[in-house]
Peer 1: 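The structure is given below, and queries will be raised subsequently.
Start at 1 and go down the list; that is how both ligands and their atoms are numbered. Hydrogens, waters and symmetry mates play no part in the numbers below; they use all other heavy atoms, side chains included. As the structure is a prediction and not an experimental result, all values here were calculated from the model.
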Amino acid sequence: MTKLSISILDCDFANIKSEINKINNNKIDLIHIDIMDGKFVYNNTEELFDLNKISVLTNLKYDIHLMVNDPLDKIDDYIKHNPEIITIHFENNSNLMGCINKIKKHKINVGVAINPDTKISEIYDILDEIDLVLVMSVNPGQGGQKFIINTVDKVKALNERKCKNNILISVDGGVNNTNSKELLNAGADILVSGSYLVKSKNLNNSIKSLLNH
Ligand code: DX5
Ligand code: ZN
């Protein structure tokens, strides 16, 4: 079953209650939270999300995406929200295994994200250790960017490789109804979609066009 994770990076934070209500009333599985530290990427969103407040407004669990250098210590701030997934990046991480083990210890699914320029072969030796690979289909840093088309081949290759492992493939960045079909055929298990969904005039219809072809 494909899962849909909505990135709320570009939502209307002044009206967060109605934004989350819209999400609650539609077939969305997870709320994707993009944490940026202003170093791993130029933007900083560490103060943008009030996770305590949002969790009061919904029963959905968080899908945390940490775009930060050396996330080991910052992971604790997100473990306390008991998310479904915490994803850290493969890049700029001097203690990847330490991060993986810390997340696992708390019985939270652990994801590793790879940037568009990172080859999937670079993470082959950790596939047995993780629950999910987040394949970035834009360079991280902001929402609303154009989908990088060769991501589809990357997902296909990863899907062939992972047969031995029970891991999920998630795709993040520029996901909309023009590329979702190819991604699902290639083997994506979770689609992360931000601006396409949060800027939609009719969320229900947009979700349908994303998932049903
Ligand atoms: C990019 C983020 C993505 C992004 C998704 O750095 O990790 O989650 O905000 O938004 P769209 O779907 O607009 O690319
Ligand atoms: Zn993300």
Peer 1: How is the N/O/S atom of Asp34 that comes nearest to the Zn ion (ligand 2) named?
Peer 2: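 For Asp34, the N/O/S atom sitting closest to the Zn ion (ligand 2) is OD1.
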
Peer 1: Quick one: which ligand 1 atoms are inside 4.0 Å of a heavy atom on Met67?
Peer 2: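 That gives atoms 6 (O), 7 (O) of ligand 1.
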
Peer 1: Pairing donors with acceptors under 3.5 angstrom, does anything connect the side chains of Asp34 and His32?
Peer 2: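 Result is yes, a qualifying pair exists.
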
Peer 1: A side-chain contact here means heavy atoms from C-beta on lying under 4.5 Å apart; do Val133 and Ile167 qualify?
Peer 2: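 Answer yes - side chains close enough.
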
Peer 1: How does Met136 reach ligand 1, by side chain, by backbone, by both or by neither, if only non-hydrogen atoms under 4.0 Å count?
Peer 2: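 Answer for Met136: side chain.
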
Peer 1: Any idea which of Gly143, Gly194, Ser7, Gly174 brings a heavy atom closest to atom 14 (O) of ligand 1?
Peer 2: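 Among Gly143, Gly194, Ser7, Gly174, the closest heavy atom to atom 14 (O) of ligand 1 comes from Gly174.
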
Peer 1: Give yes if a backbone or side-chain nitrogen or oxygen of Gln145 is under 3.5 Å from a nitrogen or oxygen of ligand 1, and no if not.
Peer 2: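 No.
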
Peer 1: For atom 1 (C) of ligand 1, what is the closest protein heavy atom, and at what distance to 0.1 Å?
Peer 2: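 That would be Gln142 O, 3.6 Å.
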
Peer 1: If you measure every N/O of Asp172 against every N/O of ligand 1, is any gap under 3.5 Å?
Peer 2: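 Yes: some nitrogen or oxygen of Asp172 is under 3.5 Å from one in ligand 1.
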
Peer 1: Hey, mind stepping through Lys162 and Asp189 against salt bridge (charged side-chain N to carboxylate O under 4.0 Å, His left out) and telling me if it holds?
Peer 2: CA-CA 12 Å; Lys162 72 151 206 194; Asp189 302 290; 3.3 Å; yes

Peer 1: Going by atom types only, do Ser209 and Tyr196 share a side-chain donor-acceptor pair under 3.5 Å?
Peer 2: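 Yes, side-chain donor-acceptor contact under 3.5 Å.
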
Peer 1: Can you sort out which atoms of ligand 1 are near Leu9, meaning under 4.0 Å from one of its heavy atoms?
Peer 2: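 Result: 9 (O).
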
Peer 1: Going by the order shown, which atoms of ligand 1 are within less than 4.0 Å of some heavy atom of Ser195?
Peer 2: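 Those qualifying, in numeric order: 11 (P), 12 (O), 13 (O).
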
Peer 1: What N, O or S atom of Asp172 is found closest to the Zn ion (ligand 2)?
Peer 2: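 For Asp172, the N, O or S atom at the smallest distance from the Zn ion (ligand 2) is OD2.
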
Peer 1: What atoms of ligand 1 come within less than 4.0 Å of a heavy atom belonging to Pro140?
Peer 2: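 Matching atoms, with element in brackets: 6 (O).
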
Peer 1: Does a donor on one side chain and an acceptor on the other come within less than 3.5 Å for Thr151 and Ser137?
Peer 2: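 Note: Thr151 and Ser137 side chains miss the donor-acceptor criterion.
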
Peer 1: Have a look at His65 and say which of its N, O or S atoms is nearest the Zn ion (ligand 2).
Peer 2: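 For His65, the N, O or S atom at the smallest distance from the Zn ion (ligand 2) is ND1.
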
Peer 1: For residues Asn150 and Asp153, is any side-chain donor paired with an opposing acceptor at under 3.5 Å?
Peer 2: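 Per modelled atom types, Asn150 and Asp153 side chains form no pair under 3.5 Å.
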
Peer 1: For atom 6 (O) of ligand 1, state which one of Gly144, Ser193, Gly141, Gly173 supplies the nearest heavy atom.
Peer 2: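 That would be Gly141.
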
Peer 1: Taking the side chain as C-beta and beyond, is there a heavy-atom pair between Lys17 and Lys53 under 4.5 Å?
Peer 2: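 Lys17 does not reach Lys53 side chain to side chain.
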
Peer 1: What atoms of ligand 1 come within less than 4.0 Å of a heavy atom belonging to His65?
Peer 2: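 Going through ligand 1 atom by atom, the ones under 4.0 Å from His65 are 7 (O).
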
Peer 1: For atom 2 (C) of ligand 1, what is the nearest protein heavy atom, given as residue, atom name and distance?
Peer 2: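 Going atom by atom, the protein heavy atom closest to atom 2 (C) of ligand 1 ends up being Asp34 OD1, 3.4 Å.
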
Peer 1: Salt bridge or not for Glu19 and Lys22, using N-O below 4.0 Å?
Peer 2: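 Yes, this pair counts.
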
Peer 1: Of all the atoms in ligand 1, which lie at a distance below 4.0 Å from a heavy atom belonging to His32?
Peer 2: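 Matching atoms, with element in brackets: 8 (O).
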
Peer 1: Are Ile103 and Leu96 linked, directly or through intermediate hydrophobic residues, by side-chain heavy-atom contacts shorter than 4.5 Å (ILVMFWY only)?
Peer 2: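 Yes, Leu96 connects to Ile103 through the hydrophobic network.
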
Peer 1: Please work out whether the ring planes of His89 and Phe40 are parallel, tilted or perpendicular, with thresholds of 30° and 60°.
Peer 2: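 Tilted.
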
Peer 1: Are any of the side-chain nitrogens in Asp63 or Lys3 under 4.0 Å away from the carboxylate oxygens of its partner?
Peer 2: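 No, no charged N to carboxylate O under 4.0 Å.
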
Peer 1: Quick check on contacts: which atoms of ligand 1 are under 4.0 angstrom from a heavy atom of Met36?
Peer 2: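 Per the distance check, 6 (O).
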
